[in-house]
**Q** 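Structure incoming, see below.
Every value quoted in this text rests on a predicted model; they were computed, and no experiment measured them. The sequence lines fix the lettering, A, B, ..., with proteins before strands; numbering per chain opens at 1. Computation of the quantities below employed the complete heavy-atom set of this structure, encompassing side-chain atoms and omitting hydrogens, waters and symmetry-equivalent molecules.
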Amino acid sequence: MIRPRTAPGTLELLPTEQIAFQRMLDVIRSGYERFGFLPIETPAYELTDVLLTKTGGETERQVYFVQSTGSLEKSAAQEEPGLPELALRFDLTVPLARYVAEHEHQLTFPFRRYQMQRVYRGERPQKGRYREFYQCDIDIIGKDGLSPRHDAECPAVIHTIFTDLDIGPFTIQLNNRKLMRGFFEDLGITDGEHQVSVLREVDKLDKRGADAVRETLVGEALGLTEQAADAVLALVAVRSTSHADALGHLDRVLAESTGSEVLATGVAELREVLTVLRDLGVPESDYALNLSIARGLDYYTGTVYETTLDDHPEIGSVCSGGRYDDLAGQYTKSKLPGVGLSIGLTRLFWQLREVGLVGTAESTVQVLVPQLDEAYLPQCLALATDLRQGGINTEVVLDGGKLGKQLRYADRAGIRFVAIVGEQEVAADTVTIKDLRRQDQFTVARDEVVPAVRVELAQPLDVPHED
RNA sequence: GUGGGUGUAGCUCAGCAGGUAGAGCGCCGCGUUGUGGUCGCGGAUGUCGCGGGUUCAAGUCCCGUCACUCACCCCA
């Protein structure tokens with residue numbers, strides 16, 4: 001026998017967990033739609049040459065390729081097989097770029113889309129990190145230009161969603177790559193790659209601590225002077241405590257600049273983003289300036305975001321993204337700037353479960369009709385039909401058995417209500433409704449069952465469902 | 001790609017200096033032929049990852065191998 005098991009790096013859930021996961025997807029989807037974003041889906045795999053436009057680097061090492069048996073045999077027979085024709089997407093941004101370039105003339109700009117699909121990365125699995133996982137993205141793509149106001153709208157959507165998810169207080173942290181780049185220029189660090197390396201190191205501040213980061217900064221690879229390293233560390237220590245405080249920090253950074261235009265632009269952009277964010281009604285306690293946010297990805301050019309849960313900083317960023325100048329440069333001559341954010345839902349779900357913020361959900365089955373006596377099965381089936389026509393998700397026990405067992409089945413399956421039709425009920429033309437969670441039951445007239453169950457379902461239960 | 005760790009029941013793990021395998025949880029049954037989750041009693045379950053070696057004897061020691069896992073790189 002072959003031991004049944006999932007491939008490493010995949011997350012598979014039991015039904016009641018899956019329902020909890022689906023509920024989160026529903027919240028995210030409705031949040032995206034409420035802000036006027038349109039849905040798209042793209043294929044799980046893309047043509048390799050389309051997907052891997054930038055050769056080399058980390059991403060290619062992590063790409064899963066797709067091959068039919070036919071093409072596998074064909075390539076095995078070749079001297080130098082080369083890469084397979086198809087590859088699984090490793091994020092949703094590259095497919096979006098392709099999509100926008102391909103359908104450019106049928107889309108209206110700014111193009112606001114959301115996309116919630118699985119992506120694949122062939123990296124070494126790690127705690128809470130998966131090789132197949134959901135990304136829930138929103139992006140706004142402009143043509144030729146896109147005002148920084150859009151950079152404020154994206155986090156406003158995220159604010160709504162994380163509020164609705166009800167997983168405790170959170171903070172959307174903002175920074176701007178131009179501000180950072182300009183700051184580096186002032187320090188004489190002008191090479192783009194060098195800046196990125198420094199940013200990447202600075203991004204580890206929370207993880208490694210200021211001393212370790214400082215050591216690396218002045219080390220051989222990055223080669224900063226002591227003064228430069230101190231200046232960088234002082235800058236990235238900036239965290240705002242309120243809207244006014246954030247603007248104050250920005251004024252100071254600008255005043256201390258030795259004249260970088262890029263820095264001035266970055267400061268101006270951040271100021272506008274913060275202001276629009278406030279005007280959109282996002283409470284100032286829920287966003288902050290954090291000048292250590294860098295984001296590893298090199299394609300970000302302006303605003304960058306990370307979102308953290310206030311009560312669980314150890315989880316790290318649960319939603320991140322930023323602004324990029326040119327989404328689809330590899331696919332089209334059109335200039336398509338964009339801004340977007342992504343929720344890595346698989347990882348988030350796993351982490352929330354670890355810290356006990358999400359558990360299993362109640363079953364999608366709202367009422368179970370047990371079968372006490374085969375003689376009354378027709379009455380049970382008729383009851384189920386009535387409940388279903390009343391819009392109530394109903395399951396009937398078709399196999400029978402002891403009532404105790406059927407109740408245990410309901411309990412384990414996370415079904416809260418049981419509608420019993422036995423000898424007594426048939427004789428009196430009634431139904432007994434049992435609430436397994438409240439450990440309570442009552443009897444109603446047969447023709448009042450549907451409204452009675454509706455009333456029960458409408459009452460929220462403050463006792464959470466045990467795992 | 002680099003560096004650690006671990007493989008024993010469905011799950012989490014214990015198993016002493018080598019002497020033919022254990023706990024908790026879960027599962028099944030009964031107590032309760034119309035009442036689950038609680039409680040009580042009873043029960044089932046193992047090629048001790050795989051291959052070789054040492055030994056009278058290996059879950060335990062040695063070698064190899066495979067798998068899994070944690071961290072780094074990178075990132076959701």
**Q** If each of Leu436(A) and Arg208(A) is mapped to the nucleotide of RNA chain B with the nearest heavy atom, which maps nearer the 5' terminus, i.e. the 5' end?
**A** Leu436(A)

**Q** Give a yes or no on whether Asp399(A) atom CG has more than 12 heavy-atom contacts from other residues, nucleotides or ligands under 6.0 Å away.
**A** no

**Q** Can Arg131(A) and Tyr64(A) be counted as having a side-chain donor-acceptor contact under 3.5 angstrom?
**A**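 Yes - a donor-acceptor pair under 3.5 Å links their side chains.
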
**Q** Which pairs with one or both residues in residues 369-388 of chain A pass side chain to side chain donor-acceptor pair (under 3.5 Å), sequence neighbours excluded?
**A**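 Found Asp386(A)-Arg446(A).
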
**Q** Using whole Å, what does the distance between atom P of nucleotide A76(B) and atom OH of Tyr305(A) come to?
**A** 14 Å

**Q** Check whether NZ of the Lys or CZ of the Arg Arg112(A) lies under 6.0 Å from the centre of the six-membered ring of Phe37(A) and within 45 degrees of that ring's axis.
**A** yes

**Q** Hey, which sits more toward the 5' end of RNA chain B by its nearest nucleotide, Lys434(A) or Leu348(A)?
**A**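 Per heavy-atom nearest nucleotide, the more 5' residue is Lys434(A).
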
**Q** Could you list the donor-acceptor pairs under 3.5 angstrom formed between side-chain atoms of residues 418-430 of chain A and any protein atom two or more places apart in sequence or on another chain?
**A**
| from | atom 1 | to | atom 2 | distance (Å) |
| --- | --- | --- | --- | --- |
| Glu425(A) | OE1 | Gly422(A) | N | 2.9 |
| Glu425(A) | OE2 | Thr432(A) | OG1 | 2.6 |

**Q** How far does the C1' atom of A21(B) sit from the matching atom of U8(B), given to the nearest Å?
**A** 8 Å

**Q** Between G36(B) and Tyr409(A), is there a base-stacking contact, meaning the centre of the base's six-membered ring lies under 5.5 Å from the residue's ring centre while the planes stay under 30° apart?
**A** no

**Q** Identify all stems in which RNA chain B takes part, counting only runs of at least 3 consecutive pairs (Watson-Crick or G-U wobble, each distance under 3.5 Å), and give each as one range with another, ordered by first number.
**A** B:1-7 with B:66-72, B:10-13 with B:22-25, B:27-31 with B:39-43, B:49-53 with B:61-65

**Q** Between G22(B) and G15(B), how many Å separate the two P atoms, rounded to a whole number?
**A** 15 Å

